[in-house]
Amino acid sequence: MIVTKYWKVDQGIGTEIGGDLAEAALLLRSGETVAFPTETVYGLGADATNTAAVERIFSAKGRPSDNPLIVHIADVEQLSCLILSNRVTEDHRQLMGVFWPGPLTIVLPVKTGGISPLVTAGLKTVGVRIPDHPVALQLLREAGLPIAAPSANSSGRPSPTLASHVRDDLDGLIGGIVDGGATGVGVESTVIELVAGELYILRPGGVTAEQLQSALPAIRIHEPEREEVQDSETPRAPGMKYTHYAPKGFMHIVQGGDLETVTEWIQKDIDAAKARGESTGILTFEERASRYHADLVIACGSLSQPETIAQDLYAALRQFDQEGVQYIAAEGCPETGIGRAIMNRLRKAAGHRLVRV
């Protein structure tokens, strides 16, 4: 078992790197794994050029080896070491200029020998982004390396938005944890790929389709046609294969056009589970929480401010586990803006069990 180092770092660190971040960067350069905050979720980082280091990510998380990793860099100059620069188009540069730093991962042709083949899971492309978080950026600058970093959780579990979530899953399995407080966006980055002058969203996330269209008004944007890939396929981006974000209890999503019908159906469903002797939970929103009765009712943000739902989602799923809830009914939200990413995560967390009433 590894002794996991722990550093508490103020997000307002300014331009001077502290001793704690310098120590964390040294661990990364030595081939160890370090969890750190980004504006989306906490990532589990390792040197993307070091195969042994990348193997430690997969081992600690229990992550399938055919699930590619996103590479985090501190500035666009680092791209030349990772990707085929002659394949970067004006549309790529426009997206980088608008959304970097930020929660947008761009899939690009990988340069042979630029990074460990484990990062790409055998693909000829790699997803890259610059995180918009002061602690992450300082750590990346100090490390001076491209850092492969999936979410810092056990594979399949809800992603961590607090350092305590990382400790719950990975303490004793990784080299260190940088605690920079709560993350901001709450769901992972949007993953996109430009093909033949058209933009494909491989995973919805912190940058919405509407924002992408605004940045590239002339381009055609393709939303994901399906959220799952077959067992024989290698996913083109993280989060497209395997169970993700799931609480330990059974969960399904309930949606419908009429609020009263949805509320009544969920309460009857929960009452039936209670009668079977199961501990029960309801995942809803601030506007509706008072309508429900269960062992645990969680108001996950506000429908009037869907970004708050994204911020609270993973912590809510983890709270059901902390309270030992066995049966969960979750309300769906409108799939506009960041609601697409929220529902993408909810469907995966529920194993695509969806009830329409």
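Note that the numbering runs from 1 along the sequence shown for the chain.
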Colleague: Any donor-acceptor pair under 3.5 Å linking the side-chain atoms of T40 with those of S189?
Modeller: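 The criterion, which ignores hydrogens and geometry beyond distance, is not satisfied for T40 and S189.
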Colleague: State plainly whether one hydrophobic cluster holds both L108 and L199, where clusters connect Ile, Leu, Val, Met, Phe, Trp and Tyr through side-chain heavy atoms under 4.5 angstrom apart.
Modeller: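 As far as the 4.5 Å side-chain criterion goes, L199 and L108 are connected within one cluster.
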Colleague: Between T263 and R288, is there a side-chain heavy-atom distance shorter than 4.5 Å?
Modeller: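 No. Closest side-chain heavy atoms not under 4.5 Å.
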Colleague: Around H293, counting heavy atoms of other residues, nucleotides and ligands shown, do more than 12 lie under 6.0 Å from its NE2?
Modeller: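 Open.
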Colleague: With side chains defined as the heavy atoms from C-beta onward, is the minimum distance between H165 and V41 less than 4.5 Å?
Modeller: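 Of all side-chain heavy-atom pairs linking V41 with H165, none is under 4.5 Å.
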Colleague: Quick one: closest heavy-atom pair of S279 and G324, and the distance?
Modeller: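 Scanning both residues, the minimum pair turns out to be OG-O, 2.9 Å.
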Colleague: Tell me whether V325 is reachable from I282 by hopping between hydrophobic residues (I, L, V, M, F, W, Y) whose side-chain heavy atoms are closer than 4.5 Å.
Modeller: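 Not linked; separate clusters.
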Colleague: Of all the heavy-atom pairs spanning Y42 and V178, show the shortest one and how long it is.
Modeller: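 Shortest heavy-atom separation between Y42 and V178 comes out as CE2-O, 3.2 Å.
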Colleague: Would you find more than 12 non-hydrogen atoms of other residues, nucleotides or ligands less than 6.0 Å from K111 atom NZ?
Modeller: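 Atom NZ in K111 is crowded, with more than 12 foreign heavy atoms closer than 6.0 Å.
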Colleague: Determine, using the 4.5 Å side-chain heavy-atom cutoff (strictly less than), whether I266 and M343 are members of one ILVMFWY cluster.
Modeller: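 No, it is not one cluster - the side chains of I266 and M343 are not joined through contacts under 4.5 Å.
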Colleague: About how many Å separate CD1 of I328 and CZ of F320, when rounded to the nearest 0.5 Å?
Modeller: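 Between atom CZ of F320 and atom CD1 of I328 there are 5.0 Å.
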Colleague: Would L313 end up clustered with F250 when hydrophobic side chains under 4.5 Å apart are linked, directly or stepwise?
Modeller: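 Per the 4.5 Å side-chain linkage, L313 and F250 are not co-clustered.
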Colleague: One pair to check against side chain to side chain contact (heavy atoms under 4.5 Å, CB included): Q138 and V135. What are the steps and the verdict?
Modeller: CA-CA 5 Å; Q138 290 285 36; V135 174; 6.0 Å; no
Colleague: If you count heavy atoms of other groups shown closer than 6.0 angstrom to CZ of R220, is the number above 12?
Modeller: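 No, not enclosed.
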Colleague: Could you tell me whether the side chains of D91 and T89 share a donor-acceptor contact shorter than 3.5 Å?
Modeller: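 D91 vs T89: no donor-acceptor pair found between side chains.
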Colleague: Please check this pair: side chain of S116 against backbone of A48, looking for a donor-acceptor N/O pair closer than 3.5 Å.
Modeller: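 Flag not set: sc S116 to bb A48 has no pair under 3.5 Å.
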Colleague: Mind checking the CD1-CG spacing from I73 to L137? Nearest 0.5 Å is all I need.
Modeller: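 Nearest 0.5 Å value for the CD1-CG distance: 10.5 Å.
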Colleague: Other residues, nucleotides and ligands only: do more than 12 of their heavy atoms fall within 6.0 Å of NZ on K268?
Modeller: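 For K268, atom NZ is not crowded (no more than 12 foreign heavy atoms under 6.0 Å).
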Colleague: Does any part of the side chain of Y292, heavy atoms only, come nearer than 4.5 Å to the side chain of I270, both counted from C-beta?
Modeller: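 No, every pair of side-chain atoms sits at 4.5 Å or beyond.
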Colleague: Counting only heavy atoms not in R353 (residues, nucleotides, ligands), do more than 12 fall under 6.0 Å from its CZ?
Modeller: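 Atom CZ in R353 is packed in, count exceeds 12.
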Colleague: Does one hydrophobic cluster hold both V98 and L95, with members joined at side-chain heavy-atom distances below 4.5 Å?
Modeller: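 Cluster IDs for V98 and L95 match.
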Colleague: How are the rings of H72 and F36 set relative to one another: parallel (under 30°), tilted (30 to 60°) or perpendicular (over 60°)?
Modeller: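 Correct class here is perpendicular.
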Colleague: Examine distances only and state if a side-chain atom of S302 and a backbone atom of S304 form a donor-acceptor pair shorter than 3.5 Å.
Modeller: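 Answer holds: yes.
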Colleague: Check I298 against A316 and note the closest heavy-atom contact, atom names and distance.
Modeller: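 Smallest heavy-atom distance, with atoms named: CD1-O, 3.5 Å.
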Colleague: Where is the tightest heavy-atom contact between A74 and R141, given as atom of each residue plus distance?
Modeller: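 For A74 versus R141, the nearest heavy atoms are CB-CG, 3.7 Å.
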Colleague: Can you tell me if T33 uses its side chain to pair, donor with acceptor, with the backbone of G175 under 3.5 Å?
Modeller: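 Answer holds: yes.
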Colleague: Is it true that R318 and S164 share a donor-acceptor pair across their side chains at a distance under 3.5 Å?
Modeller: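 On atom types as modelled, these side chains do not qualify, holding no pair under 3.5 Å.
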Colleague: With side chain to side chain donor-acceptor pair (under 3.5 Å) as the criterion, how do S159 and R345 come out once you've worked through the C-alpha distance, each side chain's angles and the decisive distance to 0.1 Å?
Modeller: CA-CA 10 Å; S159 299; R345 304 317 192 265; over 6 Å; no
Colleague: Please report the interatomic distance CD1(I147) to CG(N50), rounded to the nearest 0.5 Å.
Modeller: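 Rounded to the nearest 0.5 Å, the CD1-CG separation comes out at 10.0 Å.
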Colleague: Tell me, with the steps shown, if V191 and I70 meet side chain to side chain contact (heavy atoms under 4.5 Å, CB included).
Modeller: CA-CA 9 Å; V191 181; I70 290 170; 4.2 Å; yes
Colleague: Taking the side chain as every heavy atom from C-beta outward, state whether F99 and L212 have any atom pair closer than 4.5 Å.
Modeller: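 Sidechains of L212 and F99: in contact.
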Colleague: Can a side-chain donor-acceptor contact be found between R291 and T284 if the only test is distance below 3.5 angstrom?
Modeller: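 The answer is no; no qualifying pair exists.
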Colleague: Does either side chain, that of D269 or that of Y327, offer a donor lying less than 3.5 Å from an acceptor on the other one?
Modeller: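 There is such a pair (donor and acceptor under 3.5 Å, judged by atom type) between the side chains of D269 and Y327.
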Colleague: What's the spacing between L194 CG and Q94 CD if we round to 0.5 Å?
Modeller: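 CD of Q94 is found 11.5 Å from CG of L194.
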Colleague: Mark yes or no for whether D295, through its side chain, and G281, through its backbone, hold a donor-acceptor pair below 3.5 Å.
Modeller: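 The answer is no, because no donor-acceptor pair under 3.5 Å joins these two groups.
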Colleague: Please answer whether the main-chain N or O of G31 pairs with a side-chain N or O of R56 as donor and acceptor at a distance below 3.5 Å.
Modeller: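 Looks like yes, one N/O pair under 3.5 Å.
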Colleague: Could you give the distance from CD1 (I174) to CD1 (I2), rounded to the nearest 0.5 Å?
Modeller: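 Here the rounded value is 8.5 Å.
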Colleague: Judged by modelled atom types alone, do E193 and T125 share a side-chain donor-acceptor pair under 3.5 Å?
Modeller: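 There is no such pair between these side chains.
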Colleague: With a 4.5 Å cut-off on side-chain heavy atoms, are E264 and V357 touching?
Modeller: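 No, too far: nothing below the 4.5 Å cut-off.
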Colleague: Quick one: closest heavy-atom pair of P204 and T190, and the distance?
Modeller: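 Looking at all heavy atoms of both residues, the closest pair is C-OG1, 3.9 Å.
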Colleague: Step by step, work out the side chain to side chain contact (heavy atoms under 4.5 Å, CB included) result for T161 and Q311.
Modeller: CA-CA 8 Å; T161 54; Q311 290 164 0; over 6 Å; no
Colleague: Can you tell if the side chain of R340 reaches within under 4.5 Å of the side chain of I201, non-hydrogen atoms only?
Modeller: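 Result no, sub-4.5 Å side-chain heavy-atom pair not found.
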Colleague: How close do L139 and A25 get, heavy atom to heavy atom, and via which atoms?
Modeller: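 Minimum heavy-atom contact is CD1-N, 3.6 Å.
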Colleague: Which one of D168, L170, D321 satisfies the side-chain contact (heavy atoms from CB on, under 4.5 Å) criterion with R157?
Modeller: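 Exactly one pass, corresponding to D321.
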Colleague: Can you check salt bridge (charged side-chain N to carboxylate O under 4.0 Å, His left out) on R129 and E188, steps first, answer last?
Modeller: CA-CA 12 Å; R129 82 180 188 99; E188 293 83 354; over 6 Å; no
Colleague: Would V207 and I192 count as a side chain to side chain contact (heavy atoms under 4.5 Å, CB included) here? Give the steps.
Modeller: CA-CA 10 Å; V207 173; I192 66 99; over 6 Å; no
Colleague: Can you tell me how far the OG atom of S65 sits from the CG atom of N67, to the nearest 0.5 Å?
Modeller: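 Here the rounded value is 9.0 Å.
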